[in-house]
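Below is one structure, written out as structure tokens, with a few remarks after it.
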Amino acid sequence: MDNLIFSLNATLPIFLTMVVGIILKKLNIFNDNFLSSLNKFVFTVALPILLFQDISSTDFIKNWDTKFVIFCFIVTLLSVAISYLVSMFLKDKSIQGEFVQASYRSSASIIGIAFVQNIYGNISVAPLMIIGAVPLYNIVAVIVLSFLKPTKDKLTFNTIKSTIKDVITNPIILGILIGMIWSILKIPKPTILDKTLISLANLATPLGLIVIGAGFNFKKAFNNIKPALICSFLKLLAFCALFLPLAVYIGYKNEYLVNILVMLGSATTVSCYIMAKNMGHEGILTSNAVMLTTMLSSFTLTGWLFILKSMGLI
């Protein structure tokens, strides 16, 4: 019961914040131009700063575990490959890029850390999981969303050139790279700078959720709900069923196993929608997947925890 209550406390406020966005749009407090500007701010400023803060605060040397980081990286890569293979069967190819990203990409650095901290009282080995998975999440997202844009019919040299440019100049990728360099070099942060960055980073999630809610189109959403349901199945159930047994076989238990669970089975991250919208995609499928996985993850994560506890693994 405690795990269920925690899961609801961790996920329902996120969903309710999206509902606030829906209400504000219905009340005409937000218009499309304002939402477009807000969306751009989250993508180019708030989210990169959030990622920079998470990664730059991680002590790479002290907490490094090469085997675990490689495991997280490989499992994430396999999840991407499975998502892409499933996406090839979609009738509507214009949503293929959104489908792939929404299927594999977890809210590991937001919901995930809170989940781990509630169980163990600290973030445990979560930073290693983030290092192994989150940079790859974002790099692959940029590549997938670039190559699979609805407006691009075939792969050309210009497409490859444009994709490379998108990867190099993407604000989220830059936030990750600068954060990694900052952490490795152990560059100190003056208090004034740190507090300013924290304030800006704290804007990323609530503003992103509000933008998702305000941009949610019920008519379009429920006219094309099947792909979002498939995304949710992959995100919350399929990847956990495939890779948790492998993690147990290798020997991971306790904190390591919980972090792997979070990486595989937490809700689709809000930044999926921000990236999709800013890279030429409609965003309807992504917002559906975020909302569905956010609602359902309270129950699926609790179910996975119950199974792992019953087996004496955590």
| Student check: side-chain heavy atoms of Leu246 and Leu242 closer than 4.5 Å | no
Rounded to the nearest 0.5 Å, the CG atom of Leu209 sits from the CG atom of Leu16 at a distance of 10.5 Å
Practice task
Give the cluster check for Tyr249 versus Leu308: same hydrophobic cluster or not, with ILVMFWY residues linked at side-chain heavy-atom distances below 4.5 Å.
Solution key: no
Between Ala204 and Val42, the two heavy atoms sitting closest are O-CG1, 3.9 Å
Does the side chain of Trp304 come within less than 4.5 Å of Leu236's, by heavy atoms? no
- Item | Min side-chain heavy-atom separation Met129-Val262 under 4.5 Å | yes
* Basic-acidic side-chain contact under 4.0 Å: Lys25, Asp32 -> yes
According to a 4.5 Å side-chain heavy-atom criterion applied to Ile, Leu, Val, Met, Phe, Trp and Tyr, with indirect links allowed, do Ile230 and Met88 form part of one hydrophobic cluster? yes
In terms of heavy-atom contacts, Ser87 and Lys93 come closest through O-NZ, 4.0 Å
So CE of Met291 and CG of Leu296: to nearest 0.5 Å the spacing works out to 11.5 Å
- Got more than 12 heavy atoms from elsewhere within 6.0 Å of NZ, Lys40? no
**Asked** Can you tell me if Asn202 uses its side chain to pair, donor with acceptor, with the backbone of Ile198 under 3.5 Å?
**Response** yes
Backbone of Met263 reached by a side-chain donor or acceptor of Ser266 within 3.5 Å:
no
### Task
Check for a donor-acceptor pair, side chain of Thr268 on one end and backbone N or O of Ala102 on the other, with a separation under 3.5 Å.
yes
- Message: Could you check whether any side-chain N or O of Ser183 sits under 3.5 Å from a backbone N or O of Met180, counting only pairs where one atom can act as donor and the other as acceptor?
- Response: no
Before you tell me yes or no, could you show the steps for Thr286 and Met275 under side-chain contact (heavy atoms from CB on, under 4.5 Å), namely the whole-Å CA-CA distance, both residues' side-chain angles and the distance that decides it to 0.1 Å?
CA-CA 10 Å; Thr286 306; Met275 289 189 71; over 6 Å; no
In short, Trp182 meets Pro188 closest at the heavy-atom pair CZ2-O, 3.8 Å
#### Entry: Test side-chain contact (heavy atoms from CB on, under 4.5 Å) applied to Tyr252 and Asn259, step by step
CA-CA 10 Å; Tyr252 289 121; Asn259 275 277; over 6 Å; no
Compare all side-chain heavy atoms of Asn31 with those of Leu35 and state whether any distance is below 4.5 angstrom. no
How about Thr293 and Cys231: do any of their side-chain heavy atoms sit closer than 4.5 Å? no
For Ala201 and Leu50, the nearest pair of non-hydrogen atoms, with its separation, is CB-CA, 3.7 Å
dist Thr302:OG1 -> Ile307:CD1 (nearest 0.5 Å) comes out at 11.0 Å
Here the gap from Ser94 atom OG to Leu285 atom CG, rounded to the nearest 0.5 Å, amounts to 9.5 Å
| request: Would you mind reporting whether Val211 and Phe30 have side-chain heavy atoms less than 4.5 Å apart? | output: no
Q: In sequence, state the C-alpha distance, the side-chain angles, and the governing distance for Ser297 and Lys235, and then conclude on side chain to side chain donor-acceptor pair (under 3.5 Å).
A: CA-CA 9 Å; Ser297 62; Lys235 186 79 227 47; over 6 Å; no
Determine, using the 4.5 Å side-chain heavy-atom cutoff (strictly less than), whether Phe89 and Phe233 are members of one ILVMFWY cluster.
no
Practice item. Just do the side-chain contact (heavy atoms from CB on, under 4.5 Å) check on Phe71 and Val75 with the steps written out, would you? Key: CA-CA 6 Å; Phe71 177 86; Val75 166; 3.6 Å; yes
Scanning both residues in full, the closest heavy-atom pair of Leu264 with Cys240 reads CB-SG, 3.9 Å
Exercise for the section: Could you please spell out the steps behind the side chain to side chain donor-acceptor pair (under 3.5 Å) verdict for Tyr256 and Asp65? Expected result: CA-CA 11 Å; Tyr256 285 90; Asp65 184 330; 3.2 Å; yes
In terms of heavy-atom contacts, Glu98 and Glu282 come closest through OE2-N, 3.5 Å
Residues pairing under side-chain hydrogen bond (donor to acceptor under 3.5 Å, both in side chains) where one sits in residues 67-84, two or more places apart or in two chains, turn out to be none
Interatomic distance, CG@Leu174 vs CZ@Phe52, rounded to 0.5 Å, equals 12.0 Å
Exercise for the section: Report yes if the distance between the aromatic ring centroids of Tyr104 and Phe239 is under 6.0 Å, otherwise no. Expected result: no
Q.
For residues Leu193 and Ile181: do they belong to one hydrophobic cluster (side chain heavy atoms under 4.5 Å, members Ile, Leu, Val, Met, Phe, Trp, Tyr)?
A. yes
For residues 129-138, the side-chain hydrogen bond (donor to acceptor under 3.5 Å, both in side chains) pairs (sequence neighbours left out) are Arg105-Asn138
Going by heavy atoms in the side chains, are Phe99 and Val86 under 4.5 Å from each other? yes
Leu197 reachable from Ile192 in the ILVMFWY side-chain graph, under 4.5 Å edges: no
Practice problem: Could you give me the CA-CA distance, side-chain angles and deciding distance for Gln53 and Leu200, then say whether side-chain contact (heavy atoms from CB on, under 4.5 Å) is met? | Solution: CA-CA 10 Å; Gln53 281 292 95; Leu200 290 170; over 6 Å; no
inquiry  = Just checking Leu85: does its CG atom have more than 12 heavy atoms from other residues, nucleotides or ligands closer to it than 6.0 angstrom?
reply    = yes
### Message
Check whether His281 reaches the backbone of Leu145 with its side chain - one donor and one acceptor, N or O, closer than 3.5 Å.
### Response
yes
Student check: side-chain heavy atoms of Thr191 and Asp194 closer than 4.5 Å: no
